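Okay, so here's the structure we're looking at.
Keep in mind that this is a model prediction, so the values were computed, not measured. Atoms within a ligand are numbered from 1 in the order they appear, just like the ligands themselves. Heavy atoms only: backbone and side chains are in, while hydrogens, waters and symmetry mates are out.
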Amino acid sequence: MPGTFDRTRGKALTREVSPRYAEAVSSFFNTRMPDYEAARGAQQAYFAALRAHGSEVITLPPLEDFPDCSFTEDTAVILEDKAVIPNLGHPSRDGEKESIADFLADDFEITRMPAGATLDGGDVVFYDDRFLVGLSTRTNREGADFLTEHAKEVGMEVQLFSVPASTLHLTTVCSSPRPGTVVAAEGHLTEADLSFAEEVIWIPEEEGYAANTIAYGDRLIMAEGYQRTRKLMLDAGFSISTVEMSEFREVDASLTCLSVFIG
Ligand code: GLY
């Protein structure tokens, strides 16, 4: 059904970049001041890529007080007709959830986390019969347990991971572009972590950012500029489109961060 959290990518819920983008949280990649205008341009290219693959892109206006507001992936996890609205794990971001919940309330049953539980949607990766959920600086055990309880109601298991201190979210170093397949960054996840997967495409550590992908069947969107990863993906049978992501990488954000698929 529409709204199932799976690899259906009919509708992408996105949000324009905040005018305060320069203040976005940045703990890993930052090399310079984030650039609002450049991020707006890059976001348009991202929207175009989603549309070219068949997604309807719904774009909410920016939240002026929330520099990270364009990273909508973190603000909701869709479980069939339910939207789990997490308490976001960084205090500067938690207020983003209200307007997402308001928007989703027309089509989904809104389920909120209890105080003290935190989770970012960026720590949740859909893989066939289960969600891979990262315990991280943003997602705590209570948050993961809350999601587990609701995932079980729709027949999904949850497998927990410890997100290494070397990265922000589980999605930063891992994605599942098609049934049976996980793309993972070397140096962040191990073979033992991913032993359930039929196929693991390991991305060299220096290109680990490119492990975050968005796929439509065998058509894959990945970040531009990662040639070894591009070759690995072509060899794995994907056709490739790329999006220039360097402006978002500056603030630790990847392709999937910029949307939550709601149908
Ligand atoms: N800048 C993205 C995040 O920290 O959540």
Side-chain angles (χ1 to χ4, degrees), residues 12-43 45-47 59-78 84-101 113 117-125 132-140 142-144 147 161-175 185 188 208-214 223 243-261:
L13 180 58
T14 69
R15 188 184 285 287
E16 283 179 41
V17 174
S18 167
R20 286 177 52 194
Y21 184 68
E23 298 166 57
V25 181
S26 179
S27 309
F28 292 89
F29 292 110
N30 54 319
T31 60
R32 58 173 168 76
M33 182 71 89
D35 182 330
Y36 168 63
E37 291 298 343
R40 275 166 53 103
Q43 193 185 37
Y46 173 84
F47 292 164
T59 304
L60 301 176
L63 298 173
E64 306 228 342
D65 291 335
F66 295 96
D68 288 282
C69 69
S70 45
F71 306 128
T72 54
E73 174 181 58
D74 293 318
T75 62
V77 179
I78 305 298
V84 175
I85 304 296
N87 300 320
L88 276 79
H90 193 285
S92 76
R93 297 201 56 195
D94 193 38
E96 295 171 26
K97 67 189 178 200
E98 296 309 331
S99 108
I100 290 283
M113 281 188 170
T118 64
L119 179 138
D120 282 6
D123 279 319
V124 182
V125 175
L132 317 181
V133 176
L135 297 171
S136 69
T137 54
R138 302 292 177 86
T139 297
N140 64 18
E142 292 79 8
L147 185 68
F161 289 78
S162 288
V163 174
S166 52
T167 192
L168 176 59
H169 287 135
L170 186 60
T171 53
T172 319
V173 291
C174 170
S175 58
H188 299 279
Y209 180 75
N212 178 285
T213 64
I214 298 176
V243 175
E244 168 51 49
M245 289 293 292
S246 54
E247 198 53 51
F248 296 115
R249 189 175 188 262
E250 281 300 314
V251 298
D252 307 330
S254 308
L255 283 168
T256 59
C257 302
L258 285 158
S259 49
V260 54
F261 291 96

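- Ligand 1 lies out of reach of His90, whose nearest heavy atom is not under 4.0 Å from it.
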CA sep, side-chain torsions, deciding dist, call: Leu255, Tyr46, side-chain contact (heavy atoms from CB on, under 4.5 Å): CA-CA 8 Å; Leu255 283 168; Tyr46 173 84; 3.9 Å; yes

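- Below 3.5 Å of separation, one finds no N or O of Asp120 facing any N or O of ligand 1.
- For Arg138, every heavy-atom contact with ligand 1 shorter than 4.0 Å involves the side chain, none the backbone.
- The number of heavy atoms from other shown groups lying within 6.0 Å of CD (Glu64) does not exceed 12.
- A 4.5 Å side-chain heavy-atom check between Ser70 and Leu258 finds at least one atom pair inside the cut-off.
- Not one N or O of Asp252 is nearer than 3.5 Å to an N or O of ligand 1, by distance alone.
- For ligand 1, the atoms sitting less than 4.0 Å from at least one non-hydrogen atom of Arg93 are 3 (C), 5 (O), numbered in the order shown with element in parentheses.
- Considering backbone and side-chain N/O of Ala24, none are found under 3.5 Å from N/O of ligand 1.
- Looking only at atom types and distance, the side chain of Ser92 has a donor-acceptor partner in the side chain of His90 under 3.5 Å away.
- Electrostatic pairing of Glu244 and Arg249 does not count as a salt bridge here, judged by no charged N lying under 4.0 Å from a carboxylate O.
- Annotation: atom 2 (C) of ligand 1 to nearest protein heavy atom, Asp68 OD1, 3.2 Å.
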Leu170 and Val124: CA distance, side-chain angles, deciding distance, side-chain contact (heavy atoms from CB on, under 4.5 Å) verdict: CA-CA 7 Å; Leu170 186 60; Val124 182; over 6 Å; no

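- Proximity to Val251 (heavy-atom distance under 4.0 Å) selects the following atoms of ligand 1: 1 (N), 2 (C).
- Not one N or O of Leu168 is nearer than 3.5 Å to an N or O of ligand 1, by distance alone.
- The existence of a salt bridge linking Asp123 and Arg138 is excluded, since no basic side-chain nitrogen approaches an acidic carboxylate oxygen closer than 4.0 Å.
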